[in-house]
Each structure stands twice: as C-alpha cells, then as structure tokens.
Amino acid sequence: MSRAHIDKVLIANRGEIARRIQRTCRAMGISTVAVFSEPDRRSLFVAEADEAVALGGSTPAESYLRVDALIDAARRSEADAIHPGYGFLAENAEFARAVIEAGLIFIGPSPEAIAAMGSKIEAKRRMQAAGVPILGSVDAGARSAQQLLAEAEKLGYPLLVKASAGGGGRGMRIVSRAEDFPAALEAARLEAKNAFGDDAVFLEPYVESSRHVEIQIFGDQHGNVISLFERECSIQRRHQKIIEESPSPAVDEALRRTMGEAAVQAGRAIKYVGAGTVEFLLTPQGKFYFLEVNTRLQVEHPVTEMITGLDLVRLQILAARGEPLPPEATGAQIQGHAIEVRLCAEDPRNIFLPVTGRLQRFQIEPAADVRVETGVADGAEVSPFYDSMLAKVIVHAPTRADAARRLASVLARAQLHGLRTNRELLVRTLQHNEFLAGQTDTHFLLRHPPAELGRPLSDARTEHLHAAAAALAAQAERRAAAPTLGSIPSGWRNNPSQLQETRYRGESGEIVVGYEFRRGRLRLMVAGEELPAPRLGHCTATQVTLEIDGIQRTYAVHRVGMVSYVDSPLGATELVELPRYPEPGEEVIAGSLVAPLPGLVAEVKVAVDQLVASGETLLVIESMKMLHPITAPAAGRVVEVRVTAKAQVDAGAVLVVIDEQAET
C-alpha cells in the first residue's frame, strides 16, 4: 500500500483541540491551517496556526458546520488533509465523504464506519450481530408517547430516552414514572433536533449505580485494530463527563482483557481506521453492555496518552498516511495513573448554568506532571455560541491517590478570575472519600448535591484575611501613584485617629476593613474583629506578605475595576469594593422573569393574557449547545412577553412579566 503525503493540515475545529492538533503537527514538521468564526478571530488557536481562514458568522451553523466553506478553505490554502477534531463535523459521514471527494485526506475513519455508528440504533444492531453485549432497546421512530407506552412498560422504569444521533448528553432524558414519559420524549426529541438536526430517539433500560467505562481503540489501513485500555468516565453532570481517569478503579486485568477484546471486535466489525472509542455501561455485578462508538478523537484522550506515553494525534496522522501501527502502540503498557478534569465556565450552584463574559485571568502553574489543554488566556471572551469548557487539566502520578491529591492541589491554586467555574466542585470531588475509595458511578452528583460541592473553597475567616490583603494592596497602589510622600503607607498617623476603612462585598456578606499605620506598627480591624499581632512585610498593588498571630502568608491580589481577586494558600476570593455612598439601583418590575444566562430564545410557549401554572415552561433559551427552560415561579397571568423566538438575549434581560395576583 502506497503512503500518502501530508504536508499541510487544515483543522476544522476551534479552541483547545485545534491547539492540541497544531502541537503535534509542528512536532511532525507539518504546517497547519486554522479556520475561525468572528468571535474566534483573536483566539490563541488562530494566532498559533501557520495560516488562518475566516469562515464568517458567529454561530456554529454559520461557521464550523459549513462543509462548503471548510472544503473551500482547504483548497485555497492548499492543504493536503483535514483533521476534524471532536464535535462539530467530526462524526459527520457526509463531511468525511466530501473531504475525500475533494481529493483531500480525511484524518479519521472511513465515511462508511462513521455512518454505521452515526445512528445509535443501527450501531446497536451491528454490535449485536458482531457478538458485543448490548442492552435491549426500542426505536421510537415517529410514534407518539401513547403509542410507545406499552413498549416502555416492557423495558421497565427507570428508562432512558436517548438521541440516536450525536452525543455529549444532549437529547437524553431519564424517566422514572410512566406519567413523566410524554414530556421526556418531547424534550429529548426537541433537544436532539436542535443539537444534531435529527429528532430520532430510542428507549433503553436505565441501569442505576452503573459506571461509564470506555475503551480506546486504534486501527490502521492494514486491518489491525488494538485496544489502548480503558478510561473511567462515570463522574458526569447532565450526562456529560467532567472527570475521566485511567486505569479504572473498577477494572481488573481479567475484565480489562475481556472488555478490550469486545471493543476490538466492534472495531473490526466496521473495519475501523484511526482513533475511536467504544463506550460501555459497567454494572455493579461486573457485566458490561455496549453504549456507542465515538468515531473520533475523544475529549479525554490525554489520560490514555499519559499512561501509555503515546501521541494519539500522531498515530491518527500515521494511519491517515497509510502507515501500519508502530510497535510502541501495539506493545503499549499502562504506566501509573492519570486523571483529567474538565474546567468549565458554569455555575454548579445554579443547575450548572453556563457563564459567559471576560476571563480576566487564567493561570495554572506549569509542572512536568501537569498538562493543561486550553484555548483561552488572560482577557479571553467566553461567548454563548460554543461549549463552556475552558480547559482540560490532567495529572499523571505513580498511584491513583497521588494523582487525585496532586490534581486537587493544582486546581485549588489556579488563578481563575472574572468568571464563575466548576473548579470548587472538581476539587471537592477529587478529595471526596467516595471518589478516593474508587466508588464512582454515574449517580455521584445525584447523591452529593452540586450546590454543596460547588460552594467556595475559602470560608468566612479566609475571606476576611483576603479582604485585609486587598485593602492593603489598594493603599499600596494609591501611595505608589501619589505625587508626594509615596513611600509612606496610606493611613499613616503620628497620633491616634480613626482607622482608614474599605468596604467589600464577598461571599459571606459585607466586610469592613479598618487599618492604621502608627509609630511603625500596623493595626488591622476586619468585620469588627481586631487581628492579633499583624505585621506587614512586602506590600505592593499585586502582592501582600502579611503575618497574623505569628503565621505569615503571601497573598496575590489582582484588581480589575472595583473587583479584587485574592489568591493564597488558603484559597481564592472575589471581593467587590463598595462605594461609600451607594447609588440607588434601577428597580425591576415585580413579577419579572429575567434571563439567567445569555443565549438565543429557542421557543416562546406563552402569550400575553395567558394563565400559567407554577412550574410551567414559559420559554426556552439555547446557550452553549444546551436548552434551558424558563419556568413560572408561581401561578399567574402573563402581562408582558418581551422577547420573540430567535432573539439573542443578555443575562439579566427581562423575558416575561407575570401578575401573580391575577385570578387563575
């Protein structure tokens, strides 16, 4: 078999995966071409590519999902091949076919393999024929909920309504009772249609307390298919993975061999080439059942790379060139343990709503055992058009306990300013006794409330110390800018007088910091409590070394407008400086429902004068690929509808006004 030449690769993706592919291409001496939408014009992946082509538009449909624009960009830049990354068109058989028909190399499996696994319904049929264990299922087709009820009863509750196309937890609903089935079926179909352009769904039993374990497979054009071991992906929110690790604490050598053989069997059944993942549901009894095949590189591929020492993107390119799998792949061994977390701009204390805006600072201390895959940097704008993931942070260590401890420490010390993230939830999960004991399953976040796991790592005492550091840093900044006597601390006095005061609002409420420098000594009062024996060491606008009661700590302070972000070994705190004379704010009309996040109004379900019940869905907002229903907090009459379908709204915008006093 002749080997194809790949000298220039167009990456049909964005963000961290585009940068990841660029890194391997540079190491192989291959040029890269980035494509970008307007919101991504100044992104890191665009700047780091050898060439870049604008696709236009803001939404995926206007940019990264335009097959014609991507093929045209490859032709204009004279690329030899296209790498799809993951998401967008990565598992679109028609895109792969269009790439090949354009005379380009598609770095991925054949269009036929993608098509075979693109429908989860068809994939199950083929896997059953290949002898891979599967769960029973029912193809919903175009039938109504009423027509499906009898078959749903045969499957038993709880059951899962699941989109046949796509993945990532979209178009999926758990149903525990027959009376909930119609609404779940409608919601799953609507979300599947919006996410994948296909509303086909199927039903299957929902196995409680199960694990999500997947096998990384790799194939070449010479008929070889191998297993590169398992990844445990059971810690999930909204059926989307947030922590992945390898090896799985639930898989011993015998089970690893059996699952690996089944995954290889699945790959051979569809003549698989390149990187793929066979996903299984693992029961508490040690039985496993086929879920799906992801015909692409996975988000969590770095954990496999770190335990094997392989570069999976390099192997993808070698396979696309027609080269056989190298000995380091066919003879790979597990070395140590790796854990990956998905650091996302979202609020675990508010049903994981995505968060958008400016990321003021993004700093994770570099280290040999830590890998950070990200598409963002200080000052990056996180838009509502794409996934909420900011970065993947991966740690490799000799043991699982070492990896969990190290990763929790790395996350806790990261400087993440400007946006709320799931950092706290990740840290607490990694430190949780249940996780450390290896007792992870897909119900972890049902047993342990995300709102509790996601609360700030710092307590009120830490917040008070951080407020003191912020106030001292602010006075140092003012003195440095003073035209005279800049070396004298603010608040310096020869004689007793009032303390200088700064007021902040933090997680624990309002905090008043009073300070005074007199006769070479510092006096500090925080929240009505005088701090014992304070001694000030190094003090600038960005760093404060402060000793309290004989314990010295250094605080990093980052001030943006009226907000001070303080990081120390105690944790991280965001403090808003309050004006001395607060201005009255604009009142919001009573009964107003405001947008909890920016996004696109996908559907408006009510009209003016309509009577609504408590909990009734009024409209649906689409943001970061997810549908978020806005429901009535109480029964009443709709008196205003301020938005229309397809309208873009900002967080805090008034959507609907309800008169709760109206007769219902």
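Keep in mind that what you see is a predicted model, and the values were worked out from it rather than measured.
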By side chain to side chain contact (heavy atoms under 4.5 Å, CB included), which residues pair with Leu155, not counting sequence neighbours?
->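 Here the qualifying residues are Val138, Leu203, Pro205.
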Those residues at least two apart in sequence (or on a different chain) that pass side chain to side chain contact (heavy atoms under 4.5 Å, CB included) with Val273 are Gln221, Ala319
Which atom names give the shortest non-hydrogen contact between [X] and [Y], and what distance separates them?
X	Y	result
Ala178	Tyr157	CA-OH, 3.4 Å
Phe290	Ile134	CB-CG2, 3.9 Å
Asp402	Ala397	CB-CB, 3.7 Å
Ile17	Gly85	CG1-CA, 4.0 Å
Phe435	Ala404	CE2-CB, 4.1 Å
Arg455	Arg349	CA-CD, 3.9 Å

If we only count heavy atoms from C-beta on, is the [X] to [Y] side-chain gap below 4.5 Å?
X	Y	value
Ile82	Ile105	no
His222	Leu325	no
Ile217	Thr277	no
Thr295	Tyr272	yes
Phe106	His83	no
Pro60	Phe88	yes
Phe229	Gln216	no
Glu340	Thr304	no

From [atom1] ([X]) to [atom2] ([Y]), nearest 0.5 Å:
X	Y	atom1	atom2	result
Ile242	Thr429	CD1	OG1	6.0 Å
Glu122	Arg126	CD	CZ	6.0 Å
Leu89	Glu94	CG	CD	11.0 Å
Lys287	Leu255	NZ	CG	13.0 Å
Leu343	Thr421	CG	OG1	5.0 Å
Arg321	Ile107	CZ	CD1	9.5 Å

Can any side-chain N or O of [X] pair as donor or acceptor with the backbone N or O of [Y] at less than 3.5 Å?
X	Y	value
Ser458	Thr462	no
Ser246	Glu230	yes
Asn92	Phe95	yes

Q.
Show, in sequence, the C-alpha distance, side-chain angles and deciding distance for Ile394 and Val303, and conclude whether the side-chain contact (heavy atoms from CB on, under 4.5 Å) test is met.
A. CA-CA 7 Å; Ile394 314 99; Val303 295; 4.0 Å; yes
Report task. Kindly assign one of parallel, tilted or perpendicular to the pair His432 and His448, based on the angle between their ring planes and the thresholds 30° and 60°. Result ->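 Plane angle between 30° and 60°, so tilted.
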Can you classify the ring geometry of Phe45 versus Tyr64 as parallel (below 30°), tilted (30 to 60°) or perpendicular (above 60°)?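 It falls in the tilted class, 30° to 60°.
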Between [X] and [Y], is any side-chain donor less than 3.5 angstrom from a side-chain acceptor?
X	Y	result
Ser119	Ser164	yes
Arg20	Thr24	yes
Ser248	Glu232	yes

State plainly whether the residues [X] and [Y] are in salt-bridge range, i.e. N to O under 4.0 Å.
X	Y	answer
Glu244	Lys392	no
Glu112	Lys271	no
Glu48	Arg19	yes
Arg371	Glu373	yes
Arg211	Asp441	no
Arg231	Glu245	no
Asp369	Arg406	yes
Glu279	Lys241	yes
Glu452	Arg428	no
Lys154	Glu151	no

Are there over 12 heavy-atom neighbours, none belonging to [X], within less than 6.0 Å of that residue's [atom1]?
X	atom1	value
Arg314	CZ	no
Glu365	CD	no
Glu186	CD	no
Glu179	CD	yes

Discussion item. Could you walk me through whether Phe444 and Leu453 satisfy the side-chain contact (heavy atoms from CB on, under 4.5 Å) test, starting with their C-alpha distance in whole Å, then the side-chain angles of each, then the deciding distance to 0.1 Å, before giving a yes or no?
Written reply: CA-CA 11 Å; Phe444 181 86; Leu453 293 173; 4.1 Å; yes
| query | Quick one: are the ring centres of His443 and Tyr206 less than 6.0 Å apart? | reply | yes
Using the rule given for side-chain contact (heavy atoms from CB on, under 4.5 Å), can you reason through Leu430 versus Leu411, listing the C-alpha separation, both sets of side-chain angles and the distance that settles it, and then say yes or no? CA-CA 10 Å; Leu430 292 166; Leu411 290 170; 3.9 Å; yes
Go through the steps for Ile334 and Thr308 under the test side-chain contact (heavy atoms from CB on, under 4.5 Å), then give the verdict.
CA-CA 6 Å; Ile334 295 175; Thr308 61; 5.7 Å; no
Open item on the list: With salt bridge (charged side-chain N to carboxylate O under 4.0 Å, His left out) as the criterion, how do Arg173 and Glu191 come out once you've worked through the C-alpha distance, each side chain's angles and the decisive distance to 0.1 Å?
Closed with: CA-CA 10 Å; Arg173 294 293 186 276; Glu191 194 165 272; 3.5 Å; yes
Q. For Asp180, what residues pass the side-chain hydrogen bond (donor to acceptor under 3.5 Å, both in side chains) criterion, not counting sequence neighbours?
A.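 Testing Asp180 for side-chain hydrogen bond (donor to acceptor under 3.5 Å, both in side chains), a comparison that skips the adjacent residues, returns Arg177.
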